[in-house]
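Okay, so here's the structure we're looking at.
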Amino acid sequence: MAEILAYARVSTSDQSRDGQLDSIREHYPDLPAENIYADVGSGDDPTRDEYVELRDRVDDGDAEKVVAAKLDRLGRSTAEVADFVDTCSDQGVGLHLVQQGFNVDPDDEMGQMMLKFMSMVAEMELKLNRERRQEGIERAIDRGVQFGKAPHGMTKNEMGVPVPGEGFERVQAFIREVRKGRAKRPTARFFEIPEGSIATILERADELYGVEFDNDEWTLERAKVEAGEKDLSDLGK
């Protein structure tokens, strides 16, 4: 009997899958635990164990629908996502992205094309962010900036240049959340970022982490939050 299957993924072990799983359970509260698959690993890593099991069940005709929080949880490679979308279509399996509001039937060709387009845009954005980050580092070196200890969430390559390391995506998430108007110190504690690293991270957000941050804009957003004009959901949900 075909069943609804769910999938969640985070890129590193210091991230939580709870937010993704909570959003899935909001739509499918009776989904049994054995139908929920969750991995820790890069989106373009085809060896994810839980993902492989999910694909096997789809290939075997055991799935009626696959549910995920967002499309990029199924993979950041356009080719991988397109292949998965095609497989679901061939097997008569629907796709529901609960956080993005897409609920695509297996015979919905336009919906499937939209999913593939979304994946292509996400992959392009990721590539551009990486290029911008590397260009920022190179500009800093040209200006004579001396890199001592690698910034938080980064490590040094064989040339002594900072590159993404353990906790890098966590720092990116911290910057994005602060940019919304969240208080800096409590947000840093949530993402397990040392208080002493906050200023450096935000001052060099675009240069090192590929995420834009403007302190003046943050001040305005923070004022809206404190005045009750802007409501932010609890972190982790």
Side-chain angles (χ1 to χ4, degrees), residues 1-123 125-126 169-170 173 176-177 180 190-191 231-237:
M1 178 180 176
E3 300 182 74
I4 295 175
L5 309 179
Y7 183 73
R9 176 185 61 80
V10 292
S11 299
T12 59
S13 59
D14 51 32
Q15 294 176 301
S16 172
R17 293 165 293 194
D18 292 347
Q20 296 176 47
L21 296 176
D22 287 346
S23 64
I24 290 171
R25 290 194 180 101
E26 285 180 10
H27 292 78
Y28 301 92
D30 299 325
L31 194 63
E34 61 268 22
N35 284 3
I36 299 176
Y37 297 84
D39 275 311
V40 176
S42 169
D44 54 11
D45 178 6
T47 63
R48 292 170 281 154
D49 293 338
E50 295 279 289
Y51 178 76
V52 170
E53 290 187 25
L54 174 76
R55 289 292 301 257
D56 287 344
R57 290 191 65 180
V58 171
D59 289 337
D60 291 342
D62 292 341
E64 170 190 340
K65 179 182 295 185
V66 172
V67 183
K70 297 187 294 184
L71 186 64
D72 64 1
R73 297 304 87 192
L74 295 172
R76 289 181 179 169
S77 162
T78 299
E80 182 185 10
V81 172
D83 177 66
F84 186 71
V85 171
D86 287 340
T87 298
C88 287
S89 176
D90 293 342
Q91 295 294 332
V93 177
L95 277 169
H96 188 184
L97 309 175
V98 296
Q99 291 184 2
Q100 293 175 308
F102 275 86
N103 198 349
V104 179
D105 293 328
D107 57 354
D108 182 359
E109 295 184 4
M110 184 62 69
Q112 293 164 24
M113 288 179 60
M114 180 61 70
L115 292 181
K116 294 175 184 178
F117 177 74
M118 288 169 57
S119 173
M120 180 182 69
V121 171
E123 185 175 27
E125 184 179 49
L126 182 65
E169 292 189 357
R170 183 154 39 89
R176 294 189 182 100
E177 290 299 327
K180 297 175 183 178
F190 178 84
F191 287 102
D231 184 34
L232 296 175
S233 60
D234 292 340
L235 285 171
K237 291 186 177 180

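We're numbering straight along the sequence, starting at 1.
Inter-residue side-chain proximity for Gln112 and Leu95 is flagged as unmet; no heavy-atom pair is nearer than 4.5 Å. Between His27 and Val67, the closest side-chain pair of non-hydrogen atoms is not below 4.5 Å. Counting only heavy atoms from C-beta outward, the side chains of Phe102 and Leu71 never approach each other to under 4.5 Å. Side-chain atoms of Arg73 and Leu97, non-hydrogen and from C-beta on, never get closer than 4.5 Å to each other. A heavy-atom distance below 4.5 Å is not found between the side chains of Glu177 and Leu232.
Smallest separation of non-hydrogen atoms from Ile24 and Tyr7: CD1-O, 3.9 Å.
A distance of 10.5 Å separates CG in Leu54 from CG in Asp62, rounded to the nearest 0.5 Å. Atom CD1 of Ile4 is separated from atom CG of Leu31 by 7.0 Å, given to the nearest 0.5 angstrom. Of the inter-residue distances, the one linking Asp105 atom CG with Cys88 atom SG reads 12.0 Å to the nearest 0.5 angstrom. In this structure, Gln91 CD and Arg55 CZ are separated by 10.0 Å, a value rounded to the nearest 0.5 Å.
Formation of a donor-acceptor pair under 3.5 Å by the Thr87 side chain with backbone atoms of Asp83 is found in this model. No donor-acceptor pair under 3.5 Å is formed between the side chain of Asp39 and the backbone N or O of Arg9. Side chain of Gln99 to backbone of Ser23: no donor-acceptor contact under 3.5 angstrom is found. Panel note: side chain Glu50, backbone Tyr37; no donor-acceptor pair is recorded below 3.5 Å.
Heavy-atom contacts from other residues, nucleotides or ligands closer than 6.0 Å to CD of Glu109 number 12 or fewer.
None of Val104, Leu5, Asn103 except one satisfies the side-chain contact (heavy atoms from CB on, under 4.5 Å) rule with Lys65; the exception is Asn103.
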Is there a side chain to side chain contact (heavy atoms under 4.5 Å, CB included) between Asn35 and Tyr28 once you walk through the steps?
CA-CA 11 Å; Asn35 284 3; Tyr28 301 92; over 6 Å; no
